[in-house]
> 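Here it is, the structure in full.
Within every chain, numbering begins at 1; the chains are lettered A, B, ... in the order of the sequence lines, protein sequences first and strands thereafter.
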Protein chains: 2
Amino acid sequence: MVDDEPQIVRALRINLSARGYSVLTAHDGTTALKAAAEGKPDVVVLDLGLPDLDGTEVIAGLRGWTTVPIIVLSARVDSVDKVEALDAGADDYVTKPFGMDELLARLRAAVRRSAVVEGGDAIVETASFTVDLAAKKVRRDGVEVHLTPTEWGLLEILARNRGRLVAQKQLLQEVWGPAYAKETHYLRVYLAQLRRKLEPEPAHPRHLVTEPGMGYRFEP
Amino acid sequence: MVDDEPQIVRALRINLSARGYSVLTAHDGTTALKAAAEGKPDVVVLDLGLPDLDGTEVIAGLRGWTTVPIIVLSARVDSVDKVEALDAGADDYVTKPFGMDELLARLRAAVRRSAVVEGGDAIVETASFTVDLAAKKVRRDGVEVHLTPTEWGLLEILARNRGRLVAQKQLLQEVWGPAYAKETHYLRVYLAQLRRKLEPEPAHPRHLVTEPGMGYRFEP
DNA sequence: GAACTTCCTGACACCACCTTGACGCGCTTC
DNA sequence: GAAGCGCGTCAAGGTGGTGTCAGGAAGTTC
């Protein structure tokens with residue numbers, strides 16, 4: 001969040017923090033570029049009327065090394081300014097005064113877009129095997145392990161809820177469908193198969209743990 | 001370009017065509033969705049006040065199968081409308097009346113962004129063949145291999161997602177269109193053709209791998 | 001208008017996967 | 001201590017997904 005007007009910085013910080021964002025602030029272009037390089041933000045909100053650098057210079061300075069979404073704030077309504085900022089590399093341009101709801105929505109849109117690009121950070125590791133949720137791959141001691149669709153469906157849910165208990169009903173409904181909520185036998189068969197393929201000692205599972213009567217838990 | 005007001009469509013068509021864009025137009029939501037499925041646009045400009053469908057319905061209809069950038073046009077200034085459209089999956093929201101310069105700049109920004117997403121290394125190499133995504137060419141042992149448009153469409157998606165599993169549904173929707181999401185037979189035929197042209201042992205594919213029940217994977 | 005390419009469709013064999021049943025074990029309950 | 005329940009294991013049958021081949025329709029080029 002880059003702005004030289006303290007009240008705007010303050011308002012945004014409160015709103016963003018309340019929604020679970022962590023916020024880095026800078027009050028001029030130079031510190032903004034430095035802070036961005038160190039903090040690796042997921043999105044940049046940039047006011048154009050900074051005391052030291054011109055808005056397009058800040059944008060260019062960021063675009064030199066990152067494709068992080070940049071949302072420009074500005075009091076200038078003139079379309080020339082908008083075109084300049086957007087062509088310099090900004091992703092969006094919001095004119096002051098702006099509604100907080102709108103800015104937040106544009107923020108969400110920008111983050112959503114870049115989340116699609118990255119995507120690859122979905123790797124869950126345990127002592128004996130690795131689950132790559134984006135590529136749908138499982139490796140054990142470096143070699144790829146082949147899983148059937150049903151096996152993968154189960155493992156994916158457990159891995160996405162790693163550390164948490166997942167109810168039998170939830171697993172059955174999400175993998176087999178709502179009509180199969182009581183076929184707990186399926187779970188026993190497929191959990192056994194997963195353990196045989198992934199656990200060092202299938203008879204004494206360390207990562208795919210049964211919680212009797214309740215469900216299963218993935219322990220990373 | 002989706003709008004029910006002829007004069008706006010006309011103005012935009014002239015401006016965009018003059019700048020080298022090729023323009024598809026639709027005057028309501030239903031035809032827009034159909035045209036998008038067939039035409040595979042690089043960016044969608046969508047007016048919200050359509051006669052048949054609600055704006056968010058059109059956005060949802062597109063987002064069901066594509067991540068194409070959507071720029072919303074609307075006469076409504078209310079921030080609730082903006083938030084709704086953006087959260088439904090729109091990338092940008094421009095209120096009427098708008099400056100043509102600004103819209104064009106936002107268009108450029110949207111296209112630039114999605115170009116980055118697609119980007120990546122333009123050349124993908126395997127032990128037995130090379131895919132040049134920029135030039136749309138495939139070479140095997142130095143000599144160029146001719147692919148049909150459909151074959152190339154499949155190979156391109158797989159190559160851009162190299163290493164990752166691509167679902168059957170995604171391949172079908174992106175190559176043949178949303179209506180063909182269940183024609184898995186097409187995939188079998190065309191994957192067989194690609195393997196015959198590219199794999200050293202078509203019967204035992206090493207790079208165009210099937211994951212039964214789930215999809216296909218390109219292994220570099 | 002003929003030759004060619006490309007796409008779609010159908011038939012068939014094969015194999016992996018899902019489902020289902022039977023059985024043994026350990027824990028809780030009475 | 002017996003009975004019942006939940007869980008893990010193993011094996012077998014059926015079926016649905018996959019690869020392959022070939023023929024015809026539609027469109028393109030010369």
> Contact class for A:E151 vs. all strands (heavy atom < 4.0 Å): base, sugar-phosphate, or nothing?
nothing
> Could A:K136 and A:E156 be called an ion pair, given the rule that one side-chain N must be under 4.0 Å from one carboxylate O?
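The answer is yes: the pair qualifies as a salt bridge.
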> What's the NE2-C1' distance between B:H204 and D:dT18, to the nearest Å?
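Taking atom C1' of D:dT18 as the reference, NE2 of B:H204 is at 15 Å.
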> Respond yes when some side-chain nitrogen or oxygen of A:W176 is under 4.0 Å from OP1 or OP2 of C:dC18, and no when none is.
no
> Between D:dC10, D:dT20, C:dC7, spot the one nearest the side chain of B:P149, thanks.
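Out of D:dC10, D:dT20, C:dC7, the nucleotide with an atom closest to B:P149's side chain is C:dC7.
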> Is any side-chain N or O of B:H185 closer than 4.0 Å to OP1 or OP2 of C:dC7?
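For C:dC7, OP1/OP2 do not have a side-chain N/O of B:H185 under 4.0 Å.
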> Any side-chain N or O of A:Y186 less than 4.0 Å from the OP1 or OP2 oxygen of C:dC18?
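No, outside the criterion.
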> How many whole angstroms separate atom NZ of B:K182 from atom P of D:dT18?
15 Å
> Is the backbone of B:V2 close enough, under 3.5 Å, to the side chain of B:D47 for a donor and an acceptor to pair up by distance?
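No, B:D47 side chain to B:V2 backbone: no donor-acceptor pair under 3.5 Å.
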> Check the distance between D:dC10's P and A:R195's CZ and give it to me in whole angstrom.
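For the pair A:R195 CZ and D:dC10 P, the rounded distance is 13 Å.
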> Could you walk me through whether B:F218 and B:N161 pass side-chain contact (heavy atoms from CB on, under 4.5 Å), step by step?
CA-CA 7 Å; B:F218 185 104; B:N161 293 285; over 6 Å; no
> Think A:R188 has a side-chain N or O under 4.0 angstrom from the OP1 or OP2 of D:dT9?
no
> In whole angstroms, how far is the C1' atom of C:dG10 from the CD atom of B:E183?
13 Å
> What is the nucleic acid contact for A:T184, judged by heavy atoms within less than 4.0 Å: base, sugar-phosphate only, or nothing?
nothing
> How many Å lie between CG on A:L187 and P on D:dG8, as a whole number?
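Rounded to whole Å, this separation is 9 Å.
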> For C:dT5, take OP1 and OP2 only and decide whether either is under 4.0 Å from a side-chain N or O of B:T148.
no
> Taking OH from A:Y180 and P from C:dC18, how many angstroms apart are they, rounded to a whole number?
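Taking atom P of C:dC18 as the reference, OH of A:Y180 is at 12 Å.
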> Tell me which of A:Y216 and B:M214 sits closer to the 5' end of DNA chain D, going by the nucleotide each one is nearest to.
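So the residue in question is A:Y216.
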> Would you say A:T67 and B:R112 are linked by a side-chain donor-acceptor pair, where the criterion is simply a distance under 3.5 Å?
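No, A:T67 and B:R112 have no side-chain donor paired with an acceptor closer than 3.5 Å.
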> Picking from B:K82, B:R106, B:R108, what satisfies salt bridge (Lys or Arg N to Asp or Glu O under 4.0 Å) with B:D92?
B:R106
> Once you apply a heavy-atom cut-off of 4.0 Å, does B:H146 come out as touching a base, just sugar-phosphate, or nothing?
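Contact class for B:H146: sugar-phosphate only.
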> Using heavy-atom distances to pick each residue's nearest nucleotide on DNA chain D, tell me which of A:V189 and A:E211 is more 5'.
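The answer here is A:E211.
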> Think A:T150 has a side-chain N or O under 4.0 angstrom from the OP1 or OP2 of C:dC18?
yes
> With heavy atoms under 4.0 Å as the rule, sort A:Q193 into base, sugar-phosphate or nothing.
nothing
> D:dG8 P sits how many Å from A:E201 CD, rounded?
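Interatomic distance, CD of A:E201 to P of D:dG8: 16 Å.
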> In whole angstroms, how far is the P atom of C:dT9 from the OH atom of B:Y190?
10 Å
> Using 4.0 Å as the upper bound for N to carboxylate O, is an ion pair formed by B:E5 and B:K96?
yes
